[in-house]
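In what follows, a structure is listed as structure tokens, so that the remarks can point back to it.
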Amino acid sequence: MKKLHFDYSMQIDYSENVSTCNYTIKCVPQITARQIPHDIEIALVPPSRYNLGYDGLKNRQLYGKNDQPHKMFNFRISGNVDVGLSDYEEVEDSNLSMVFKHPHGLVIPGPSIKSYYDSLEIDKNSDAYSLAVNVMNRLHEDFCYKPNTTTLDTTAESAFQQGHGVCQDFAHIYITLMHLTGLPARYVVGLIVGEGASHAWVEVLINGKWYGFDPTNNKKVFDEHIKLGVGRDASDCMINRGIMHGGGLHTQTINVKVIEIE
């Protein structure tokens, strides 16, 4: 087991006043078999009242309304998380597992990914866990990490065709490949030691339990990752969403720190 400290802040600067803003923030670590968060602190500028709850996929979130005119909105969430408590995240919820079994949105397989899966020289009749590991290993070898070459809307098929992308693309392609094996898989957004931004990986449902795999780093998720939320693809678990009146143009600045503590 490790104890990680995280500090996540996002600031949005507007060119004009925002008169009213309704926001949803999914940046509170989940409680799972692998991790337990504690000492969570939340700060909002300008201050506003908010509630803590869950979305339809059981992601923890805070939601509120700010009706004080402002040209800057900042939220900061920090705390500690005990990680590495188990090798899996949670037991299957049969009411939700079907949601993650079928292609959706950015993870619909195209001809290039289908052809790649058919060409993989791995034992596709092996047990499900070994199959998930073997596919991750191959994807890490055959797809390259290259920042600033894709967008939030890039599909798994488009990213795979160009041969490079970021962690979001690794996750989307891996989910698509898992669907081709017949295994339910879901997108995970979270934080990881040593990176200054959010990170993405995948959970695969194997024998009734969700296991995490990080194809970008070619490792199983255990004691370096802090899980924030899950979805069918990245669009389901964006950290910040909002509806506002006014604001004009805006810029967004994100700062993330994750360190191991004694």
Side-chain angles (χ1 to χ4, degrees), residues 6 8 10 22-35 37 52-63 75 77 81 88-109 113 132 136 139 150-160 165-192 195 197-206 209-216 221 225-243 252 254 256:
F6 78 96
Y8 184 104
M10 176 186 291
N22 294 275
Y23 58 84
T24 301
I25 300 170
K26 299 179 183 179
C27 195
V28 182
Q30 294 194 17
I31 301 171
T32 74
R34 187 188 61 83
Q35 68 175 38
L52 289 169
Y54 296 85
D55 68 9
L57 297 176
K58 296 186 176 182
N59 296 314
R60 302 178 77 187
Q61 63 179 6
L62 59 95
Y63 53 94
F75 70 86
I77 301 179
V81 186
Y88 71 94
E89 290 290 348
E90 61 185 7
V91 175
E92 174 188 11
D93 180 346
S94 58
N95 293 321
L96 283 178
S97 58
M98 289 298 294
V99 172
F100 304 110
K101 188 174 183 179
H102 303 289
H104 165 84
L106 301 175
V107 295
I108 296 175
I113 291 182
M136 177 178 69
L139 177 59
T150 55
T151 70
L152 294 175
D153 298 323
T154 300
T155 65
E157 176 72 6
S158 296
F160 185 80
V166 295
C167 58
Q168 172 180 294
D169 304 300
F170 273 93
H172 281 158
I173 296 169
Y174 187 65
I175 290 171
T176 307
L177 293 170
M178 288 297 97
H179 286 160
L180 291 174
T181 72
L183 293 171
R186 60 192 187 186
Y187 187 97
V188 184
V189 64
L191 312 173
I192 188 172
E195 289 196 8
S198 60
H199 188 55
W201 61 92
V202 176
E203 288 176 5
V204 182
L205 183 61
I206 299 172
K209 295 179 180 178
W210 289 100
Y211 292 88
F213 299 90
D214 183 350
T216 306
V221 173
H225 298 67
I226 297 176
K227 176 181 175 180
L228 299 178
V230 302
R232 294 164 296 179
D233 60 17
S235 64
D236 277 343
C237 44
M238 294 179 64
I239 288 179
N240 177 57
R241 289 182 184 271
I243 299 175
Q252 180 176 284
I254 297 173
V256 178

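When a residue number appears, it is its place in the shown sequence, counting from 1.
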Starting from the C-alpha separation in whole Å, work towards a yes-or-no answer on side-chain contact (heavy atoms from CB on, under 4.5 Å) for Thr155 and Ile108.
CA-CA 8 Å; Thr155 65; Ile108 296 175; over 6 Å; no
Would you check, one step at a time, whether the test side-chain contact (heavy atoms from CB on, under 4.5 Å) holds for Ile113 with Leu180?
CA-CA 9 Å; Ile113 291 182; Leu180 291 174; 4.1 Å; yes
Stepwise side-chain contact (heavy atoms from CB on, under 4.5 Å) test for Ile77 and Leu62
CA-CA 11 Å; Ile77 301 179; Leu62 59 95; 4.0 Å; yes
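Here the straight-line distance linking atom NE2 of His199 with atom CZ of Phe170 works out to 9.5 Å at 0.5 Å rounding. Atom CD1 of Ile173 sits about 9.0 Å away from atom CD of Glu157, to the nearest 0.5 Å. Rounded to the nearest 0.5 Å, atoms NZ (Lys58) and OG1 (Thr32) are 13.5 Å apart. Here Trp210 contributes atom CH2 and Leu96 contributes atom CG; the two are 9.0 Å apart, rounded to the nearest 0.5 Å. In this structure, Leu205 CG and Lys209 NZ are separated by 11.5 Å, a value rounded to the nearest 0.5 Å. For the atom pair CD (Gln252) and CE (Met10), the distance works out to 4.0 Å, reported to the nearest 0.5 Å.
Residues Pro37 and Ile31 come closest through the heavy atom pair CD-CG1, 3.7 Å. For the residue pair Asp214 and Trp201, the shortest heavy atom distance occurs at CA-CB, 3.9 Å. For the pair Val202 and Ala171, the tightest heavy-atom approach, listed with the atom from each and the gap, is CG2-O, 3.5 Å. Scanning both residues, Leu228 and Ile239, for their nearest heavy atoms gives CD1-CD1, 4.1 Å. Taking all atoms of both residues into account, the shortest heavy-atom contact from Asn59 to Asp55 is N-OD1, 2.8 Å. Nearest heavy atom pair, residue Ala156 against residue Thr176, reads CB-OG1, 3.5 Å.
By the 30° and 60° cut-offs, the orientation of the rings of Phe75 relative to Tyr8 is parallel. Relative ring orientation between His172 and Tyr187 is described as tilted, the plane-to-plane angle lying within the 30° to 60° band.
For Asp236, the salt bridge (charged side-chain N to carboxylate O under 4.0 Å, His left out) partners two or more places apart in sequence, or in a different chain, are Arg232. Judged as a salt bridge (charged side-chain N to carboxylate O under 4.0 Å, His left out), and not counting sequence neighbours, the contacts of Glu89 are Arg34.
Between the side chains of Asp153 and Thr151, no donor-acceptor pair of N or O atoms lies under 3.5 Å.
In terms of modelled atom types and a separation under 3.5 Å, the side chain of Asn240 and the main chain of Ile25 share no donor-acceptor contact. A distance-only check finds a donor-acceptor pair linking the side chain of Tyr174 to the backbone of Ala132 [under 3.5 Å]. Under a 3.5 Å cut-off, the side chain of Gln168 and the backbone N or O of Ala200 do not form any donor-acceptor pair. Using a distance-only test at 3.5 Å, with no hydrogens or angles considered, no donor-acceptor pair links the side chain of Asp169 to the main chain of Ala159. Checking side-chain atoms of His179 against main-chain N and O of Phe100 turns up a donor-acceptor pair under 3.5 Å.
Lys227 places none of its side-chain heavy atoms less than 4.5 Å from the side chain of Val81.
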